[in-house]
Amino acid sequence: MSTPVSTYSAAHRLYVKSLYKRYLVNSLNWYIRRDLWREKAIEIRAEFERNRNITDPRALALVLEQAEEKLAKEAHPDPYRPPLFPDGTKWERNLPPRMFSAKEKADALAAHH
């Protein structure tokens with residue numbers, strides 16, 4: 001038994017998955033409560049499922065272009081950053097002090113005396 005041939009490439013699937021995840025992350029930036037966000041996530045999934053069976057490449061390109069524009073328009077101005085990630089509230093906070101070599105330490109001590 002042979003497997004059915006897919007109309008779309010692996011790169012296309014990765015792009016759509018990336019777009020879907022970016023939609024979810026952006027909506028999570030707008031909602032504080034997970035129960036409210038879950039409803040929005042279900043709406044996003046339904047929107048993606050509605051467009052799942054589009055086979056015309058031009059129509060698909062138009063749908064994806066509109067989705068990118070909508071995502072850019074609805075992007076949160078101050079997205080959530082995990083505290084320890086770059087630009088997070090704890091990023092590079094309380095860094096350990098620089099360790100000096102023996103020569104640098106001796107030079108610093110000599111300069112103070």
Side-chain angles (χ1 to χ4, degrees):
M1 195 187 316
S2 64
T3 58
V5 178
S6 176
T7 338
Y8 302 109
S9 67
H12 172 78
R13 280 190 216 91
L14 287 175
Y15 172 73
V16 172
K17 287 179 187 178
S18 168
L19 181 63
Y20 178 65
K21 183 176 179 181
R22 287 184 289 146
Y23 257 86
L24 291 177
V25 168
N26 184 54
S27 67
L28 191 56
N29 287 331
W30 287 100
Y31 290 90
I32 296 171
R33 291 179 38 196
R34 282 279 176 150
D35 57 335
L36 298 177
W37 172 77
R38 181 70 183 136
E39 292 175 15
K40 181 65 175 173
I42 291 170
E43 290 173 15
I44 292 170
R45 179 61 187 234
E47 183 179 344
F48 273 76
E49 287 294 329
R50 269 195 306 273
N51 298 321
R52 183 179 195 153
N53 296 321
I54 296 176
T55 55
D56 180 28
R58 289 184 180 157
L60 183 61
L62 181 64
V63 167
L64 292 175
E65 182 180 332
Q66 290 172 348
E68 287 285 355
E69 289 172 0
K70 182 179 175 186
L71 183 62
K73 186 181 81 170
E74 294 177 358
H76 197 283
D78 187 22
Y80 174 76
R81 302 267 191 256
L84 297 177
F85 280 39
D87 293 337
T89 56
K90 291 186 178 181
W91 176 249
E92 292 187 344
R93 185 186 290 181
N94 299 327
L95 292 174
R98 181 172 166 256
M99 303 313 269
F100 295 99
S101 67
K103 182 184 180 316
E104 290 173 327
K105 184 177 180 180
D107 291 345
L109 289 173
H112 279 39
H113 295 295

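For the numbers below, each heavy atom of this structure counts, side chains included, while hydrogens, waters and symmetry mates do not.
- Residues L19 and F48 come closest through the heavy atom pair CG-CZ, 3.9 Å.
- Put simply, CG on L109 and CZ on F100 are 10.5 Å apart, with the number rounded to the nearest 0.5 Å.
- Of all non-hydrogen atoms in N26 and E74, the two that sit nearest each other are ND2-O, 3.1 Å.
- Sparse packing is recorded around CD1 of I32, with 12 or fewer heavy atoms of other residues, nucleotides or ligands lying under 6.0 Å away.
- Residues forming a side chain to side chain contact (heavy atoms under 4.5 Å, CB included) with A59 (at least two apart in sequence, or on another chain): I54, D56.
- Atoms CD and CZ, on E39 and R33 in that order, are 9.0 Å from each other to the nearest 0.5 Å.
- Ring planes of H76 and W30: tilted class, angle from 30 to 60°.
- In this structure Y15 satisfies the ring-ring contact (aromatic ring centres under 6.0 Å, His included) test with no other residue, sequence neighbours excluded.
- You'll find the side chain of L64 reaches within 4.5 Å of the side chain of H12, heavy atoms only.
- Atom OG in S27 sits 11.5 Å away from atom CG in L36 (nearest 0.5 Å).
- Side-chain contact check for V25 versus Y80: every heavy-atom pair is 4.5 Å or farther apart.
- Note: L28 CG to Y23 OH = 16.0 Å, rounded to the nearest 0.5 Å.
- Considering every non-hydrogen atom in both W37 and L24, the closest pair reads NE1-O, 3.3 Å.
- Partners of E43 under the side chain to side chain contact (heavy atoms under 4.5 Å, CB included) rule, at least two apart in sequence or in another chain, are K40.
- R38 is not listed as a side-chain neighbour of Y31, based on a closest heavy-atom distance of 4.5 Å or more.
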